[in-house]
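Chain A is the first sequence line, chain B the second, and so forth, proteins listed ahead of strands; every chain is numbered from 1.
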Amino acid sequence: MTDIYVYNTAARGKEKFEPIDPKNVRMYVCGPTVYDHAHIGNARPYTVFDIFYRLLRHVYGTEHVTYARNITDIEDKIMDRAAQEGVSIKTITNRYTKIYQEDMRSLGNLEPDIQPKATEHLPQMIKMMQDLIAKGNAYVAEGHVMFDVTSMENYGRLSGHSRDELVAGARVEVAPYKKDPADFVLWKPSTEEQVGWGSPWGKGRPGWHLECSCMIEKHLGETIDLHAGGQDLIFPHHENEIAQSECTHGKEFVKYWMHNGYLTVDGVKMSKSLGNFYTIRELLEEHGGEPMRLSLLTAHYRQPVDFSNSNAKEQKRRLDRWYRITAGAAAAETVPATVIEALSDDLNTPKAIAALDALASEETADQLLAGAQFIGLLMQSAEDWFKTELSAEHDAWIAENSVKYAEARAAKDFAEADRIRDEAAGQGLVIEIAAGGEIKFKAQ
RNA sequence: GGCGCGAUGGCGGAGUGGCGACGCAGCGGAUUGCAAAUCCGUGUACACGAGUUCGAUUCUCGUUCGCGCCUCCA
């Protein structure tokens with residue numbers, strides 16, 4: 001069996017991945033808050049950990065791996081958006097969940113086995129809070145339920161932030177109902193107009209971290225193998241999930257933590273608040289799903305990857321080459337060992353891509369195809385890939401001019417041929433002569 | 001201030017204690033009416049300073065620079 005090694009954030013180093021139960025490998029990835037279009041930076045974890053899911057299925061067997069990726073459908077930003085548009089939060093979350101699911105498909109990500117929603121887990125959340133209060137890890141204050149960080153000895157272990165450092169940093173929100181400035185919210189009260197659920201502490205809504213602890217508990221168990229997400233979730237989100245789950249269950253919550261680096265624009269983190277973002281949707285429309293998927297995989301997942309249109313175009317050309325080589329080939333039975341080896345070493349996708357390039361020749365086209373499809377590329381026929389979308393005007397223009405062009409060339413009337421070529425350019429068309437002499441019209 | 005990550009050729013990006021991964025671009029050539037595509041060839045790169053070593057881009061320490069987290073954030 002292939003040995004997988006992963007960089008475990010909790011251990012600050014690479015470790016051999018040994019699941020608790022190889023017959024039941026469980027992984028969880030923090031999914032989106034559905035209040036707006038997701039940007040391409042958001043797509044990175046979903047894409048790189050999709051590769052890891054594929055690897056786990058390859059090594060342990062498809063039926064022995066369970067992958068959950070949640071959808072956060074209650075959060076203040078959703079409420080703000082709903083209020084702005086004067087619609088219910090359900091309208092907002094339904095709209096953006098649908099868009100997100102479509103984006104995931106376009107990027108070639110497999111559907112997780114479970115996609116739990118926060119709003120469907122209120123009973124679990126209430127139960128967990130009651131447990132935490134009973135155990136002395138949480139307290140009620142002014143309609144809030146707060147987690148008491150001083151009740152947990154090793155709070156901050158994952159992120160390396162001690163409670164004292166957090167308070168010294170003076171960036172924690174000081175609120176009168178907090179016993180300690182570093183305490184965080186499990187439940188907060190809602191006003192009459194705000195969305196809320198009934199609870200023993202009055203009408204309210206959950207804090208951000210609680211849902212993941214509860215959904216993991218319900219769908220995957222008290223201890224899981226892998227939990228992953230962006231580096232910005234290490235603190236506070238994952239730290240607080242650990243606090244909630246470990247204090248509730250009295251046992252280890254997650255064996256391996258994986259965190260991806262950021263996607264940057266001009267070297268700066270892409271984020272909604274900075275406004276330097278591109279939505280997944282707009283880039284998919286401009287470059288297509290497979291080129292975008294491949295560009296997300298060109299850097300190792302823990303390194304930053306700088307988004308650029310030129311990179312997307314470079315990957316498009318690489319795919320052109322791969323599609324050309326594999327046209328008509330059948331995928332090999334087994335995935336090339338070089339690809340599996342690269343991915344098994346802490347998800348080294350750049351090395352896997354290099355391994356595919358090494359197979360990019362006629363003789364090994366079947367292996368190239370098998371390896372590329374393993375990571376979700378070369379999923380369509382070469383014919384479909386190279387088929388360009390031409391408008392009705394283009395079709396009409398081609399019908400009128402293609403014969404004239406062929407005749408001009410045949411008669412060696414190159415002045416006329418060039419004239420037609422120029423006219424084509426004016427129409428947004430490129431005329432290409434294939435190796436066999438076939439004339440092709442492509443949209444620019 | 002605390003904690004963490006990084007620095008490889010024009011660009012992207014692996015990797016290794018001693019052979020210049022790979023891709024793009026560039027350059028030269030083949031092919032081509034032109035163009036595109038394709039094919040062949042082509043590169044004195046490892047931030048700086050010490051140390052360990054027969055030998056360091058690779059290990060150790062320090063310096064500089066860049067980025068991130070400590071507040072919502074993938």
Side-chain angles (χ1 to χ4, degrees), chain A residues 7 9 12 29-33 35 38-49 69 75-77 80 156 159-162 164-173 182 184 208 228-239 259-264 267-274 277 280 294-306 308 310-311 313-318 320-321 324-325 338 342 345 348-358 360-361 386 408-415 417-418 421-422 424-425 430-437 439-440 442:
Chain A
Y7 183 93
T9 307
R12 297 276 151 80
V29 170
C30 285
T33 301
Y35 72 103
H39 63 63
I40 191 65
N42 301 129
R44 193 177 189 195
Y46 310 141
T47 305
V48 298
F49 298 120
R69 188 179 63 205
E75 212 264 344
D76 286 8
K77 286 196 285 286
D80 293 347
S159 60
H161 297 310
S162 72
D164 292 348
E165 281 167 8
L166 288 171
V167 175
R171 295 176 96 164
V172 287
E173 187 193 355
F184 62 90
W208 174 36
Q231 276 172 357
D232 46 2
L233 296 184
I234 297 173
F235 189 90
H237 188 51
H238 290 161
E239 197 67 76
H259 293 98
N260 63 276
Y262 301 118
L263 185 140
T264 59
V268 182
K269 178 185 173 185
M270 179 180 287
S271 76
K272 284 263 167 79
S273 48
L274 290 174
F277 65 91
I280 301 174
L294 188 51
S295 12
L296 287 172
L297 300 175
T298 50
H300 182 88
Y301 79 97
R302 283 191 286 114
Q303 296 301 124
V305 59
D306 201 59
S308 69
S310 62
N311 182 29
K313 288 190 180 120
E314 183 178 328
Q315 303 322 320
K316 158 80 164 54
R317 284 170 51 87
R318 193 196 300 258
D320 282 345
R321 184 158 44 90
R324 194 166 47 242
I325 290 164
T338 49
D345 182 12
N348 194 335
T349 52
K351 201 174 180 183
I353 292 167
L356 292 174
D357 270 324
S361 67
F386 288 112
R409 282 194 75 229
K412 296 201 187 296
D413 181 357
F414 298 124
D418 286 345
R421 178 182 284 282
D422 288 345
V430 179
I431 299 176
E432 289 184 5
I433 314 300
I439 299 166
K440 286 183 182 171
K442 292 168 92 171

Q | Bracket string, RNA chain B, 5' to 3' - pairs by Watson-Crick or G-U geometry under 3.5 Å, | interstrand | A | (((((((..(((.....[...))).(((((.......)))))....(((((..]....))))))))))))....
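- If you check every strand for non-hydrogen atoms under 4.0 Å, A/Leu233 touches sugar and phosphate atoms only.
- Picking from B/rC70, B/rA74, B/rG4 the nucleotide with the shortest atom distance to the side chain of A/Arg12 gives B/rG4.
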Please tabulate the protein-to-nucleotide N/O contacts below 3.5 Å involving nucleotides 24-34 of chain B, giving atom names and distances.
from: B/rC24; atom 1: O4'; to: A/Glu314; atom 2: OE2; distance (Å): 3.2
from: B/rA25; atom 1: OP1; to: A/Arg317; atom 2: NH2; distance (Å): 3.0
from: B/rG33; atom 1: O6; to: A/Tyr405; atom 2: OH; distance (Å): 3.3
from: B/rG33; atom 1: N1; to: A/Asp418; atom 2: OD1; distance (Å): 2.9
from: B/rG33; atom 1: N2; to: A/Asp418; atom 2: OD1; distance (Å): 2.8
from: B/rG33; atom 1: N2; to: A/Asp418; atom 2: OD2; distance (Å): 2.5
from: B/rC34; atom 1: O2; to: A/Arg421; atom 2: NE; distance (Å): 3.3
from: B/rC34; atom 1: N3; to: A/Arg421; atom 2: NH2; distance (Å): 3.1

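- Note on ring orientation: taking the six-membered ring where Trp is involved, the planes of A/His39 and A/Phe277 are tilted (angle from 30° to 60°).
- Using cut-offs of 30° and 60° for the angle between ring planes, the A/Phe49 and A/Tyr301 rings count as perpendicular.
- Checking B/rA14, B/rC5, B/rA74 against the side-chain heavy atoms of A/Asn42 singles out B/rA74 as nearest.
- Checking the phosphate oxygens (OP1, OP2) of B/rA74, no side-chain nitrogen or oxygen of A/Lys269 falls inside 4.0 Å.
- The nearest pair of heavy atoms linking A/Ala299 to A/Pro304 is CB-O, 4.0 Å.
- Although no hydrogens or angles enter the test, the distance criterion places a donor-acceptor pair under 3.5 Å between the side chain of A/Arg421 and the main chain of A/Ile431.
- Candidate nucleotides B/rG13, B/rC72, B/rA74 were compared by shortest atom distance to the side chain of A/Ser273, and B/rC72 ranks first.
- Counting heavy atoms of neighbouring residues, nucleotides and ligands inside a 6.0 Å radius, atom NZ of A/Lys272 exceeds 12 of them.
- A salt bridge does not link A/Arg324 with A/Asp320: every distance from a Lys NZ or Arg NE/NH1/NH2 to an Asp or Glu carboxylate oxygen is 4.0 Å or more.
- Under a 3.5 Å cut-off, the side chain of A/Tyr262 and the backbone N or O of A/Asp232 do form a donor-acceptor pair.
- At whole-Å resolution of the value, CZ in A/Phe235 and C1' in B/rC3 are 11 Å apart.
- Picking from B/rC72, B/rG15, B/rG2 the nucleotide with the shortest atom distance to the side chain of A/Asn348 gives B/rG15.
- Residues A/Ala355 and A/Thr338 come closest through the heavy atom pair CB-OG1, 3.6 Å.
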